[in-house]
A.B. asks: 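My questions will all concern the structure given below.
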Protein chains: 2
Amino acid sequence: MLVVDDEKEIRDAIEIYLKNEGVTVLKAKDGIEALELLNEHPVHLIILDIMMPRLDGISATYKIREKKNIPIIILSAKSEDTDKILGLQVGADDYVTKPFNPMELVARVKSQLRRYVTFGTFEGIKKVIDLNGLTIDQSAKEVTAHGEPVKLTPIEYKIVELLMTNAGRVFSIHEIYERVWKEPCYNAENTVAVHIRKIREKIEIDAKNPRYLKVVWGIGYKMEK
Amino acid sequence: MLVVDDEKEIRDAIEIYLKNEGVTVLKAKDGIEALELLNEHPVHLIILDIMMPRLDGISATYKIREKKNIPIIILSAKSEDTDKILGLQVGADDYVTKPFNPMELVARVKSQLRRYVTFGTFEGIKKVIDLNGLTIDQSAKEVTAHGEPVKLTPIEYKIVELLMTNAGRVFSIHEIYERVWKEPCYNAENTVAVHIRKIREKIEIDAKNPRYLKVVWGIGYKMEK
DNA sequence: AATAATCCTTAAGAATTTCTTAATATTTTT
DNA sequence: AAAAATATTAAGAAATTCTTAAGGATTATT
């Protein structure tokens, strides 16, 4: 994620809020610097101030759009003519006026990311995986075992989804925690174990002798292919 | 395909994106010009700005609907009152707020075309969905439950339409808000919850034990297939 | 233009479901 | 047999959803 603003305080403030959401943040102080960074790093979303030295936000938007089709959120001061922005910017995806509520900015960032992700995986298309009678439907968020629907809690579902979409691969407890909770695993190993137990109760015929969700001693867990 | 907007930049930008998808594009700069073009050429979908000189988008929609039943996608600036659009139920099939994501517009265009093209011929086709006794008629904007017509408010209708046309798929509260209100959901989660409750009161036999509109804990809501 | 009716949003607390923790038990490896 | 990793259980904490009601906004009616 790239934050472009000529004021350091704003860059830093936005960085703090975004990092808090678990995303990597790059910063640039004008359009030129932003374009350079874009060439060098993979970026999934840009927050772009309008008023900047060297290369302003509007021009930068055009240049970015020539190359990449990633979400662009424009920041503009209230005094500037928002209508003009509205009219001009077919290229930007959203805009926020300064002074802005950081939480709102975060909400808009999330919204943009969601939007692109949904269109990427294409709407309404069912992606169903079947592993020896254990199935997952990622659009309906539904899992069935031996033909019967299984009622999983959100965390349980995420763990199963992770393991099933990577069937056969072993995930350490720490990996599972980090990918599901989106934060480092610090003394939470047992939490994962408890969830594994619950999942087994729901998807396995005999939770003590799991056929689907297997442990790999000393390494982690995996879903049998 | 007809694009109607008083700003040349927007007309042209949309044209580029649509042509990229392989469709023929006609352009008009206000409602009157649009109606003229409609008489002269076969058009399968219209993208219509609201704020235009001479004949605005809302009035144009009425006039178009008198003659043709083709998909209409409305464009509106965020500053305008979206509730008004909802409340008016002018007969548009979808709408997008400026500034918009070109990819999203293209996706919505495709979605509309899919909907209408499914049954071969084009005009005046009723698409009725029936899910275990809950039906929706998208052209009449009518919903029935257990044979009885259900009177839904505009927002309620939009939510039901979203869920029914994607039956089985789970939508988070944020997704629902964004797709119905056309803006990011910031502290409006409960608003959705209240609407869900009202809808259940109207379509379910027992709102406490919903058979149609189900919650998926920690994830969202879905309409049972 | 005023009134009535309908609809939307907000807020606050209740009800429900889920998560984590901690203490203990079991299994596997060395 | 000891150490390490995983498994189990239950109870309190936390989070999510549900419900209700009131006030504001909008639309329809008189």
Side-chain angles (χ1 to χ4, degrees), chain A residues 141 143 150-160 163 170-178 180-204 206-222, chain B residues 58 80-90 141 143 150-160 163 170-177 180-204 206-210 212-222:
Chain A
K141 314 271 181 207
V143 172
V150 175
K151 220 186 138 200
L152 297 175
T153 71
I155 287 184
E156 286 162 14
Y157 176 82
K158 278 185 197 151
I159 294 174
V160 169
L163 296 179
V170 183
F171 290 84
S172 74
I173 286 187
H174 286 257
E175 259 180 301
I176 293 174
Y177 193 89
E178 277 164 20
V180 170
W181 277 259
K182 311 269 185 221
E183 55 185 64
C185 175
Y186 172 64
N187 272 3
E189 291 80 2
N190 191 40
T191 300
V192 175
V194 172
H195 285 291
I196 294 287
R197 152 80 177 154
K198 299 274 183 192
I199 292 168
R200 281 176 172 157
E201 272 176 1
K202 295 181 182 180
I203 68 172
E204 302 284 358
D206 176 6
K208 307 248 179 193
N209 292 70
R211 292 197 311 153
Y212 298 121
L213 207 175
K214 299 222 166 165
V215 64
V216 180
W217 257 85
I219 303 184
Y221 300 94
K222 72 166 174 182
Chain B
I58 302 286
E80 297 166 38
D81 191 0
T82 40
D83 284 14
K84 208 161 193 171
I85 300 162
L86 283 172
L88 281 170
Q89 291 238 334
V90 283
K141 313 265 182 212
V143 172
V150 175
K151 219 186 137 198
L152 296 175
T153 69
I155 287 184
E156 285 162 12
Y157 176 81
K158 287 257 176 199
I159 294 174
V160 170
L163 297 179
V170 182
F171 290 83
S172 73
I173 286 186
H174 287 257
E175 263 180 298
I176 293 174
Y177 193 89
V180 171
W181 278 258
K182 310 289 178 195
E183 55 184 66
C185 175
Y186 170 64
N187 271 2
E189 291 80 3
N190 192 39
T191 300
V192 175
V194 173
H195 284 293
I196 294 288
R197 156 77 177 157
K198 301 274 182 194
I199 291 169
R200 280 177 173 157
E201 275 174 1
K202 294 182 182 180
I203 67 172
E204 302 283 356
D206 176 7
K208 308 243 178 196
N209 293 69
Y212 298 121
L213 207 174
K214 299 224 167 162
V215 64
V216 179
W217 256 85
I219 301 183
Y221 300 93
K222 72 168 172 180

A.B. asks: Please tabulate the protein-to-nucleotide N/O contacts below 3.5 Å involving nucleotides 19-24 of chain D, giving atom names and distances.
C.D. replies:
from	atom 1	to	atom 2	distance (Å)
dT19(D)	O4	Asn190(B)	OD1	3.3
dT20(D)	OP2	Arg197(B)	NH2	2.7

A.B. asks: Name the nucleic acid region contacted by Thr153(A), choosing base, sugar-phosphate or nothing; use a 4.0 angstrom heavy-atom cut-off, strictly under.
C.D. replies: sugar-phosphate
A.B. asks: With the threshold set at 4.0 Å, does a side-chain nitrogen-carboxylate oxygen contact exist between Lys202(B) and Glu156(B)?
C.D. replies: yes
A.B. asks: For Val215(B) and Arg200(B), which heavy atoms make the closest approach, and how far apart are they?
C.D. replies: N-NH2, 3.6 Å
A.B. asks: Quick check: do Val192(A) and Trp181(A) have side-chain heavy atoms less than 4.5 Å from each other?
C.D. replies: yes
A.B. asks: Among Leu163(A), Ile155(A), Val160(A), find the residue that satisfies the side chain to side chain contact (heavy atoms under 4.5 Å, CB included) test when tested with Ile199(A).
C.D. replies: Val160(A)
A.B. asks: Take N1-N3 plus N6-O4 or O6-N4 for Watson-Crick, N1-O2 plus O6-N3 for G-U, both under 3.5 Å. Which runs of 3 or more such pairs involve DNA chain C?
C.D. replies: C:1-30 with D:1-30
A.B. asks: Could you state the OH-P distance from Tyr157(B) to dC8(C), rounded to the nearest angstrom?
C.D. replies: 15 Å
A.B. asks: Could you report the tightest heavy-atom contact between Tyr177(A) and Ala188(A), atom names first, then the distance?
C.D. replies: CE1-CB, 3.4 Å
A.B. asks: Rounding to an integer number of Å, can you tell me how far Tyr221(B) OH sits from dT17(C) P?
C.D. replies: 13 Å
A.B. asks: Closer to the 5' end of DNA chain C via nearest nucleotide, is it Lys151(A) or Asn187(A)?
C.D. replies: Lys151(A)
A.B. asks: Only counting residues at least two apart or in another chain, list the ones meeting ring-ring contact (aromatic ring centres under 6.0 Å, His included) with Tyr212(B).
C.D. replies: His146(B)
A.B. asks: Give the rounded distance in Å between these two atoms: CH2 of Trp217(A) and P of dA3(D).
C.D. replies: 15 Å
A.B. asks: Between Glu204(B) and Leu213(B) (side chain of the first, backbone of the second, donor and acceptor by atom type, cut-off under 3.5 Å), is there such a pair?
C.D. replies: yes
A.B. asks: Quick one: which of dT17(D), dT9(C), dC19(C) gets closest to the side chain of Val215(B)?
C.D. replies: dT17(D)
A.B. asks: Can you measure from CD1 (Ile173(B)) to OH (Tyr221(B)) and round to the nearest 0.5 angstrom?
C.D. replies: 4.5 Å
A.B. asks: Looking at side-chain heavy atoms only, is the closest gap between Glu189(A) and His174(A) below 4.5 Å?
C.D. replies: yes
A.B. asks: Thr191(A) or Val192(B): which one's nearest nucleotide on DNA chain C is closer to the 5' end?
C.D. replies: Val192(B)
A.B. asks: Nearest whole Å is fine: how far is dT17(D) P from Ile196(B) CD1?
C.D. replies: 11 Å
A.B. asks: Starting at atom CD of Glu156(A), determine the distance to atom P of dT17(C), rounded to an integer number of angstrom.
C.D. replies: 14 Å
A.B. asks: Between Lys158(B) (NZ) and dC7(C) (P), how many Å, whole number?
C.D. replies: 17 Å
A.B. asks: Atom CD1 of Ile219(B) to atom P of dT16(D): distance rounded to whole Å?
C.D. replies: 12 Å
A.B. asks: Do any side-chain nitrogens or oxygens of His195(A) fall under 4.0 Å of OP1 or OP2 in dT18(C)?
C.D. replies: no
A.B. asks: Measure CG/Asn209(B) against P/dT16(C) and give the value in whole Å, please.
C.D. replies: 11 Å
